[in-house]
Structures are given as structure tokens and as C-alpha cells.
Amino acid sequence: MRKVDVHEIIDNARFSRFHWLVVCLCALLLIFDGYDLFIYGVVLPVIMKEWGLTPLEAGALGSYALFGMMFGALILGPLADRIGRKKGVAISFVLFTSATVLTGFANSPEQFKVFRFIAGLGCGGLMPNAVALMNEYAPRRLRGTMVALMFSGYSVGGMVAAGLGIGLIPSFGWRPMFFIAAVPLLMLPLVLWKLPESLGFLIRQGKQDEARRIFARIDPATPLAPEDHLVFAEAKGASASVAELFRHGRTLRTLMLWLSFFCCLLLVYLLSSWLPKVLQEAGYAERASLLSLFSLNFGGMAGAIMGGRLGDRFGLPKVVVGFFAAAAVSIALIGFNPAPGLLFLLVFVAGATTIGTQILLYASVAQLYNLSVRSTGLGWASGVGRIGAIVGPTLGGVLLARELPLGQNFMLFAIPAALSALAMLVFALANGRARDATRLAAA
């Protein structure tokens with residue numbers, strides 16, 4: 001019996017139609033996910049007026065979905081290591097789309113909180129599972145680029161939310177923005193039909209026939225004999241426990257990634273929740289403030305794709321450090337109340353280096369851990385990041401309630417970006433030392 005290591009073959013595979021299928025399906029899932037996440041910033045000014053919310057109350061209201069995302073990442077990420085990525089994606093998808101539709105029927109802040117929390121559970125579970133699946137099937141030389149392309153769907157979802165908000169809210173109010181989530185729910189059967197299960201999971205479960213069918217689509221040029229047995233080099237790794245994330249010299253790198261996730265997601269949700277409202281308070285027109293959210297997400301898409309390509313060429317840690325440094329500068333400059341054209345450019349750069357860098361952080365986590373604990377690593381990093389995401393909207397409400405000058409607000413907003421740059425610099429240095437130690441041991 002010949003053993004065929006599919007991990008090695010995937011790493012060295014040529015980019016094919018199968019890879020395009022996985023990228024497109026995962027990107028489609030994240031378009032829906034991104035729409036759900038950025039919708040709150042679009043409807044926030046209207047909801048505050050309709051329900052008479054103070055900035056502190058509005059900030060707390062926005063945090064409920066993020067609480068749900070934290071628990072979803074911590075629960076559904078590790079769960080998928082046991083039941084399969086496809087089932088994890090399906091559970092997450094149904095949770096957040098159905099709860100988002102129900103949010104449109106909310107008649108009070110209390111009802112709104114409950115539905116947004118449930119939607120957050122699904123959103124938090126979907127992202128680590130989609131990243132792990134994409135990372136598993138991507139060839140090594142294109143892994144950063146493919147994960148970034150997939151994650152551009154997240155920013156596209158935010159752009160769709162901002163665009164629909166400009167067109168729908170003035171005429172129909174905020175509720176139709178949530179009802180639109182019924183459309184992706186109808187597409188779930190198609191997504192699940194075409195989305196492949198994790199090959200490593202199938203091999204671990206002994207499902208050789210199903211694994212062989214997927215393998216034939218990845219590498220048709222390598223025919224399998226009936227007696228061939230597929231194996232995955234990482235398939236029999238350590239158990240999916242959080243303690244495993246700190247073994248094999250990964251403690252410092254894990255902690256630095258968690259700090260970067262915390263600060264990065266704090267920034268992403270601070271900006272996505274409050275940017276339109278803060279700019280309206282500063283005197284910008286409503287349309288310009290919503291266009292700034294569009295510009296933020298357009299920058300996120302461009303930053304993810306460019307960062308993925310740069311990461312494949314120069315290494316993700318170096319690129320992430322540079323992006324976070326650029327984020328600190330661009331966010332601080334927004335506070336100088338620039339003209340609309342320059343404002344959109346600065347917001348574009350801020351989106352590229354926060355939303356886009358968040359995507360690169362997910363790719364960094366996926367590359368740090370082996371398959372057996374990859375979803376667990378992604379789930380915990382994402383879960384720690386969700387704590388920052390919860391702090392973000394609440395911090396925005398606190399700052400807005402204090403009525404600080406615009407410049408001071410954005411100088412404070414820039415601090416998490418600077419901390420993230422420092423944390424990822426430490427991560428890059430530790431990663432380099434670990435790589436050198438591995439080479440010496442091999443020699």
C-alpha cells in the first residue's frame with residue numbers, strides 16, 4: 001500500500017479551478033459576514049435619533065453583537081476541529097443570517113440586543129472556519145494572497161452596507177437594511193453543495209472515499225491506484241486544546257498575536273461603528289459621512305490584497321508591522337479636519353491598514369499553528385480580538401459623550417495602532433529566532 005501525503009501535494013500544487021472555487025465561495029460567505037458586521041455603523045445615527053439613545057447607550061448597544069462574536073469564535077472554532085469545517089460554517093451562517101433578519105423586526109433596544117448577540121455568535125464562528133479552510137487548500141507560495149483575496153469579501157460586504165445605506169435609509173428607514181440578509185440565507189444550499197470539506201478532517205475521520213474525490217479535483221495529474229492510502233502530514237497532531245497554542249516555543253508569539261488582534265479589532269469596530277457619526281458631529285454632511293465608511297472598506301479590500309501579495313514576497317510579519325505604523329499616522333491625520341477629498345484618502349489608508357491588516361493577522365495565525373489546532377488557534381485569537389472589538393464601540397461612545405475636539409479623538413484612536421505595530425515587531429523577531437533554531441536543529 002502506497003501512502004500519498006496530500007499536505008505536501010497541496011503545498012506545491014498549481015493554482016486551478018478548484019482553488020478559484022474555494023476562494024470565491026469563502027469570499028462570498030465573508031461578503032455576507034462583512035455586511036452584517038458593518039451594518040450597525042450605517043444605521044447608528046438613525047437608531048440614536050429614533051430611540052433617543054445617548055452616545056454611551058449606543059456604544060453599549062453596538063457591543064452586544066461583538067460579545068456574541070467573541071463567544072462564537074471561542075466555541076464554534078474549536079467545535080469545527082471536531083465536527084468538520086463545513087458543518088461549522090453551516091451552523092455559523094444560519095445563526096447570523098437568520099438573527100440579522102429578525103433584527104429588522106426589533107421594536108426596542110432590548111430586542112435589538114438579543115438579536116444582535118445571536119447574529120454575533122454566527123459571525124464569530126464563520127470567520128475562523130473560513131480562514132482555516134482556505135489556508136488548508138492554498139498552495140504555499142500563494143497562501144497569503146489567496147487568504148487575502150478571500151478576506152476581501154469582508155470589505156466588499158461593508159461597502160455594500162454603506163452603499164445600500166445611502167440609497168435606502170433616507171427613503172425607507174433602517175429596518176430594510178436588516179431584512180436584506182434573507183437573500184444570503186436562500187443561497188446556503190448552493191454554498192454547502194459546492195464548498196469542500198477539510199481534506200485533513202476527512203482523512204482523520206477515515207473517510208478515504210470522500211477525501212479521494214476532493215483530492216482528484218486538486219491534482220488531476222496525480223492518479224491514485226485503488227490501494228493508495230491518503231495521509232495528511234499534520235493529520236495526527238496534538239489535541240485541539242488551548243494549552244497546545246503555548247507549546248513548542250510559541251508562547252511569546254501567541255501572546256503578541258493576541259495583543260495585536262485586540263488592538264486591531266478595537267480599531268476596526270471603533271471606526272466602523274462611529275466614523276459616520278463622529279464626522280457628522282464635526283460638520284461633514286450625512287452623505288459624506290456614509291461615503292467615508294465606503295472608503296474605509298474599499299481601503300480594507302485593497303489593503304488585504306496588496307498585503308497578501310507583499311506578505312508572500314517579504315513575509316507577513318514585516319508587512320503587518322509596516323501597515324500598523326501607517327495606520328497610526330493616517331488615523332491621527334484624520335483628526336485635523338481635512339477637506340473631503342483628503343479625508344477619503346486618509347480613511348482609505350486607515351481601512352487598508354486596519355481592516356486589511358486584520359486579514360493579514362488571520363493569515364499569520366493560520367501559518368503559525370499546524371492543522372490539528374489551527375481552528376482552535378484562529379478561534380482563540382479571534383475571541384481575544386473580540387474583546388477589543390467590544391471595547392471599540394464602547395470607547396467611541398465614551399469619547400463622544402465627553403465632547404473632545406476632533407483632533408484629540410483621533411490621536412487617541414491612533415494609540416492602538418501604534419501598540420499593534422510594536423507587538424508585531426516583537427512577534428517578527430521571535431518568529432525569526434524560532435526559524436533559525438529550526439534550521440540549526442535540522443543541520
Exercise for review: Report yes or no: does Arg250 contribute a side-chain atom to a donor-acceptor pair with the main-chain N or O of Glu244 at less than 3.5 Å?
Suggested key: yes

Practice item. Could you tell me whether the side chains of Ser260 and Ser420 share a donor-acceptor contact shorter than 3.5 Å? Key: no

Check your understanding: Where the side chain of Ser152 meets the backbone of Met301, is there a donor-acceptor pair that is under 3.5 Å apart?
Key -> no

Check your understanding: Run the side chain to side chain contact (heavy atoms under 4.5 Å, CB included) check on Leu195 and Cys26 step by step: do they pass?
Key -> CA-CA 8 Å; Leu195 189 70; Cys26 289; 4.3 Å; yes

Review point. Do Phe261 and Tyr362 have side-chain heavy atoms sitting under 4.5 Å apart?
Key: yes

Revision key, fill the gap. CG of Leu133 to CE of Met150, rounded to nearest 0.5 Å, is 9.0 Å

Exercise for review: Tell me whether the centres of the aromatic rings in Phe178 and Phe115 are closer together than 6.0 Å.
Suggested key: no

Check your understanding: Under the 3.5 angstrom rule, does the side chain of Asn129 hit a backbone N or O of Gly125 as a donor-acceptor pair?
Key -> yes

Review point. Going through the checks in order, is the ring pair (Phe, Tyr, Trp, His ring centres under 6.0 Å) test met by Phe410 and Trp274?
Key: CA-CA 12 Å; Phe410 281 95; Trp274 285 107; over 10 Å; no

Exercise for review: State the OG1-CG distance between Thr354 and Leu266, to the nearest 0.5 angstrom.
Suggested key: 11.0 Å

Point to revise | Check: Leu360 main-chain N/O paired with Thr357 side-chain donor or acceptor under 3.5 Å | key: no

Review point. Hey, is the main chain of Met177 close enough, under 3.5 Å, to the side chain of Tyr35 for a donor-acceptor pair?
Key: yes

Check your understanding: Can you name the closest pair of heavy atoms from Ser292 and Val347 and give their distance?
Key -> O-CG1, 3.2 Å

Check your understanding: Phe96 vs Phe93 aromatic rings, parallel, tilted or perpendicular, using cut-offs 30° and 60°?
Key -> perpendicular

Check your understanding: Would you find a donor on one side and an acceptor on the other, under 3.5 Å apart, between the side chain of Lys318 and the backbone of Ala428?
Key -> no

Check your understanding: Within a reach of under 6.0 Å around CE of Met411, are more than 12 heavy atoms found that belong to other residues, nucleotides or ligands?
Key -> no

Exercise for review: Flag the pair Leu345 / Leu342 as yes when at least one side-chain heavy-atom distance between them is below 4.5 Å, and no otherwise.
Suggested key: yes

Practice item. Look at the rings of Phe112 and Trp51 and say which category their plane angle falls in: under 30° parallel, 30 to 60° tilted, over 60° perpendicular. Key: perpendicular

Point to revise | 4.5 Å side-chain heavy-atom contact, Ile214 and Ile218 | key: yes

Study note, to complete from the structure: Interatomic distance, OH@Tyr64 vs CD1@Ile118, rounded to 0.5 Å, equals 13.0 Å

Point to revise | Charged N-O contact under 4.0 Å between Glu197 and Lys87 | key: no

Point to revise | N/O donor-acceptor pair under 3.5 Å between Tyr269 side chain and Gly388 backbone | key: no

Exercise for review: Name the orientation class of the two ring planes belonging to Phe348 and Phe298 (parallel below 30°, tilted from 30 to 60°, perpendicular beyond 60°).
Suggested key: tilted

Review point. Do Ser272 and Tyr40 have a side chain donor and acceptor closer than 3.5 Å?
Key: no

**Study point:** Minimum side-chain heavy-atom gap Leu404-Leu412 below 4.5 Å
**Key:** yes

Practice item. Please round to the nearest 0.5 Å and tell me the distance separating atom CZ of Arg116 and atom CG of Leu61. Key: 9.0 Å

Review point. In Å, rounded to the nearest 0.5 Å, how long is the span from CD1 of Ile169 to CD1 of Ile47?
Key: 8.5 Å

